[in-house]
Structure formats: C-alpha cells, structure tokens
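Per chain, numbering begins at 1; letters A, B, ... match sequence-line order.
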Number of protein chains: 2
Amino acid sequence: MGFSAAEENYIKAIWKLQKDNTNVTTNALSEALKTKPASVTDMLKRLKDKNILNYLPYYGVQLNAEGQQAALLIIRRHRLWEYFLAEKLKFDWDAVHPLAEELEHINSPELTNRLDAYLGYPQIDPHGDPIPNIKGQMPVTTRIALADYALNQPAVVSGVLNQSSELLELLKHKKITIGATIEICRRFEFDGSLEIQLQDLPLITLSSYLAQNILVKPLQL
Amino acid sequence: MGFSAAEENYIKAIWKLQKDNTNVTTNALSEALKTKPASVTDMLKRLKDKNILNYLPYYGVQLNAEGQQAALLIIRRHRLWEYFLAEKLKFDWDAVHPLAEELEHINSPELTNRLDAYLGYPQIDPHGDPIPNIKGQMPVTTRIALADYALNQPAVVSGVLNQSSELLELLKHKKITIGATIEICRRFEFDGSLEIQLQDLPLITLSSYLAQNILVKPLQL
DNA sequence: CCAATAATTTAGATTTGTCTAAATTTTGAT
DNA sequence: ATCAAAATTTAGACAAATCTAAATTATTGG
Ligand SMILES: [Mn+2]
Ligand SMILES: [Mn+2]
Ligand SMILES: [Mn+2]
Ligand SMILES: [Mn+2]
C-alpha cells in the first residue's frame with residue numbers, strides 16, 4: 001500500500017484543490033504539478049486502479065476517504081520537515097518548501113513520529129499551516145485575510161496565502177511574523193490600504209494586496 | 001551534473017568495492033545492489049557516458065576522480081543523517097541505515113552543511129565510520145579487528161564490520177559501545193576467544209567471530 | 001592448448017512517468 | 001439548438017531502470 005513520489009505529489013495536489021467539495025479538473029492538476037494534461041489523465045487512471053479516488057473521465061476527480069487519509073499523512077511529513085528545517089536548521093521561510101517537497105516522500109511512520117516528538121509536537125508549520133497529527137487529524141483553524149478583518153480588534157498573525165521569498169522579504173522588513181499580535185487602526189477606502197499596529201511599535205502602513213495575503217485569527221483573551 | 005537515486009547507489013557501491021585499487025566487477029556490484037548483472041552492465045554504460053568512471057567491458061570498472069568525489073559527498077550525506085537519526089531521534093544503530101539510504105539522495109549542499117553545523121560537525125557516524133567533510137575529505141583512520149589486536153594494550157572501540165541488529169543486540173548485552181576503552185587480557189588459542197576488560201567492569205569473554213567484527217584503534221595516551 | 005565453466009554483455013520485454021499531436025467530448029455563446 | 005472554443009482523453013513515443021533468456025567473452029584445470 002505504498003505510493004511513489006510522483007503519486008504522492010498528485011495525491012497532495014488533488015487534496016489541496018479539493019478544498020470546496022467540487023471536482024478537481026485535469027487542467028488544474030496539470031497547472032499545479034507543472035505537467036501536461038495528458039500526463040495527468042494517465043496518472044488519474046493509475047490512482048483510480050489503486051482505489052483512492054473517484055475519477056469520472058471528462059468530469060474530474062475526488063479523493064475518497066482512503067485518499068484523503070493518505071494526503072494528510074503526506075502533508076504531515078511535509079510540514080514536520082518544514083518545521084525542522086526552519087526551527088532547528090534556521091532556514092528561512094521561503095527555502096523550506098522545496099526541501100520538504102523531497103523529504104516528505106520518505107514514508108516511515110517510525111521516522112515521522114520520532115521527528116514529531118523531537119520537535120515537541122508542533123501544531124503549525126513555518127507558514128502558519130496546521131500539522132496533521134499521527135492519525136492524520138488536523139485542527140480546523142478559521143483564519144481570514146487581514147484585508148477582511150475588523151477595525152480595532154486585536155488579531156494574531158497566523159499564516160500567509162503566498163509562500164514566496166518576495167512576500168517573506170516584505171514581512172521581514174515590516175517585522176511581521178507568524179504569532180505576532182496585530183490590530184487594524186484605519187482602513188482607507190481609496191486604495192484599501194491599512195494602518196496597523198504591531199505589538200507596541202509605531203503605526204505602519206500595509207497595501208491592500210499585502211493585507212490580502214496575510215491570514216489572521218481573533219486574539220483569544 | 002546531478003545523479004538519480006539509482007545512479008548514486010551505484011556510485012556508492014563502486015566506491016566501497018574499489019577500496020584496494022582493483023577493478024570492480026559486474027557480479028560484485030550486482031550482489032551489492034541486489035540487482036541482476038545485466039542491469040549493472042546497462043547502468044555502467046550510462047555512468048561511463050557521464051564521465052565519472054572508467055569502464056572496460058568484461059574487465060570491470062573504476063571511479064575516476066570526479067566519481068570518487070561524488071561518492072564521498074553521498075557518503076557524507078548518508079553518515080550525517082545516520083548521526084542525526086541516532087543522536088537526535090534516538091534510533092538504534094541497526095535502524096539508521098535504511099533511512100539514511102533514502103535521505104542521502106536529497107542533494108542540497110545548503111541542507112547538508114546546515115545539518116552538519118547543527119550536529120556540531122561530527123567526525124564519526126553511529127557505526128564508527130568517518131564522515132567526509134564539506135570538501136569530501138575523510139580522515140584516514142587505521143583501525144584493526146579486535147581479534148588481531150595486541151594483549152594488554154588499551155584500545156578504543158571505534159567501529160564494527162557488520163551493522164546487523166544481531167551484532168547490535170550482542171554488543172548491547174555486553175555493554176560494548178563505540179568509544180569505549182577496552183583491553184585484551186587473555187587470548188585462548190583453542191577457539192580464538194578473548195577475555196577482555198571494558199572500563200573497570202568485571203572480565204568478559206568474546207568469541208573469535210565477535211572479535212573479528214569489532215574494530216579498535218590504540219588508545220592515545 | 002583447449003574445452004568446460006564462469007562472468008559478462010546483448011537482445012528484447014516491462015513498468016513508471018512523462019511528452020506531443022491528434023481525436024473526442026463538453027461547454028458556452030449566439 | 002448549433003457550432004466554435006476549451007477541456008480532456010487517446011495514441012504513440014521516449015527515457016530510466018529493471019528483468020529473463022540467449023549470446024559472447026574470459027578463465028582455468030587437465
Ligand atoms: Mn513532493
Ligand atoms: Mn508549509
Ligand atoms: Mn541510497
Ligand atoms: Mn554508517
């Protein structure tokens with residue numbers, strides 16, 4: 001019941017695209033995986049034979065329960081390695097993903113679980129995304145874009161929608177980190193820009209586009 | 001200039017068999033890699049095209065300088081991961097090898113060198129084998145089998161010739177670890193068995209076969 | 001030195017994962 | 001409802017890595 005690295009990448013991509021219960025299309029997968037649609041069709045047929053998804057030719061695909069469980073365990077490995085790379089090896093945010101993309105394919109429950117224990121059972125990865133536990137369960141975190149958050153309500157920065165080094169550079173410059181407390185002081189209708197306060201630092205300005213890429217959740221009091 | 005995982009396994013296997021400057025044979029490789037001789041021939045042709053070895057059909061193969069350097073960097077990754085698994089994740093000796101066999105193929109100098117630094121630049125892996133440095137250089141350690149070591153000369157246990165769980169079980173039972181100080185008190189001609197002293201514990205007996213699989217070096221005073 | 005045996009290579013096939021080009025199906029606009 | 005465009009699948013090819021069976025080359029004992 002093992003999957004190849006290529007199969008695992010497809011499983012993960014389908015899982016991510018399947019968020020809202022719609023069928024995942026061949027083109028969406030080919031874009032996500034940087035392969036051609038014809039290659040996707042081939043792989044979907046193979047994965048269907050392994051009984052981890054429902055594939056209706058021309059109408060897309062959905063992981064079944066077994067496929068979702070497989071996806072969550074791959075994502076668990078990916079995010080635990082990302083946490084290791086950032087926390088222990090001091091890699092930047094934008095460097096961990098490509099390495100975790102390889103490390104995730106080493107499928108040894110013993111390794112994964114020992115790594116988890118060694119890291120202290122982290123709950124979120126360096127991008128703020130939740131890490132599935134040993135059973136594949138993931139806490140449902142309700143996060144919303146800072147752009148859509150209420151005025152004068154303290155929030156915690158809890159993730160990003162974009163993991164590029166460009167975003168990282170900007171966040172570093174503005175000293176915004178995951179876990180930081182933030183509050184919107186003003187929202188300008190003209191361009192959607194925000195004036196925010198981080199901890200007790202002076203007010204700073206964020207563009208609308210930046211605010212759309214920062215995820216926050218209400219601060220628990 | 002990258003190699004596939006399969007190619008890297010061949011490179012490493014050739015390197016290990018090439019110890020004494022003799023040509024490495026197709027059969028020896030097929031045995032080491034658990035593949036058929038025909039598959040080895042195919043791969044040797046491919047690696048020859050990549051200019052990392054000298055291959056003379058019917059007469060075996062030898063890594064050239066570039067091939068040896070490649071081998072040492074793979075071995076570096078392998079042993080650093082073994083060290084990580086044993087030291088940080090508390091894996092037993094006999095469990096680290098198969099995992100390192102996969103981890104070694106992630107070829108990122110940045111990852112390897114950060115891991116090295118994080119681990120404190122270890123010199124030997126959990127089996128006592130030396131870890132090549134960032135340049136691929138490996139300290140030449142002169143180790144000899146305990147079976148061949150002199151009487152009443154303190155020595156340091158510095159490796160094993162066999163990495164099986166059976167040997168590990170026996171060494172654990174006898175409390176023999178890598179780095180321990182050991183001294184042969186008597187050698188019995190009848191069966192080659194040894195009476196040895198470990199630290200200041202009571203004398204224990206080792207079979208000839210066991211002593212052939214333990215590597216030692218003279219204790220530096 | 002030569003024949004039997006051992007070692008090695010060649011030939012041909014298979015699986016995985018990808019591609020391009022062509023055919024087919026679905027969708028959407030009139 | 002029809003038809004052009006878009007999405008998808010099929011057909012056929014290829015590279016990597018492996019296998020089995022057959023052919024070839026090297027070795028060695030008498
Ligand atoms: Mn991956
Ligand atoms: Mn992540
Ligand atoms: Mn390997
Ligand atoms: Mn080792």
Length of the line joining A:Asn23:CG and C:dT26:P, which is rounded to integer Å: 14 Å
Interatomic distance where OH belongs to A:Tyr59 and P belongs to D:dT8 [whole Å]: 11 Å
Atom-pair distance (CG on A:Leu29; P on C:dG17), nearest Å: 15 Å
Below 4.0 Å: OP1/OP2 of C:dT16 and any side-chain N or O of A:Tyr10: no
Atom pair distance, as rounded to whole Å: CG in B:Leu56 and C1' in D:dA26: 13 Å
B:Glu82 vs B:Ile131 side-chain heavy atoms within contact, under 4.5 Å: no
Phosphate OP1/OP2 of C:dA6 contacted by B:Asn27 side-chain N/O (<4.0 Å): no
Steps toward salt bridge (charged side-chain N to carboxylate O under 4.0 Å, His left out) verdict (B:Lys12, B:Glu8): CA-CA 6 Å; B:Lys12 215 171 38 144; B:Glu8 289 189 337; over 6 Å; no
B:Thr25 vs C:dA7: side-chain N/O to OP1/OP2 distance below 4.0 Å: no
A:Thr35 side-chain proximity, nearest of D:dT9, C:dT9, C:dC19: C:dC19
Sugar-phosphate, base or nothing in reach of B:Pro37, heavy atoms under 4.0 Å: base
d(CG, B:Asn9; C1', D:dT18) in whole Å: 14 Å
Nucleotide C:dA22, atom P - distance to NZ of A:Lys36 in whole Å: 16 Å
B:Tyr55 side-chain N/O to C:dT9 phosphate OP1/OP2 under 4.0 Å: yes
A:Gly128 backbone acceptor or donor facing A:Arg143 side chain under 3.5 Å: yes
Interatomic distance where CD belongs to B:Glu31 and P belongs to C:dT8 [whole Å]: 12 Å
Side-chain touch B:Phe84/B:Val96, heavy atoms, less than 4.5 angstrom: no
Stretch residues 38-46 of chain A: residues that reach within less than 4.0 Å of DNA chain C through a heavy atom: A:Ala38, A:Ser39, A:Asp42, A:Met43, A:Arg46
Charged N-O contact under 4.0 Å between B:Glu7 and B:Lys50: yes
Side chain to side chain contact (heavy atoms under 4.5 Å, CB included) between B:Val156 and B:Val216, worked out: CA-CA 5 Å; B:Val156 179; B:Val216 299; over 6 Å; no
Heavy-atom pair with the smallest gap, counting every atom of A:Glu104 and A:Arg77: O-NE, 2.6 Å
Integer-rounded Å distance: C:dT18 C1' and A:Glu7 CD: 14 Å
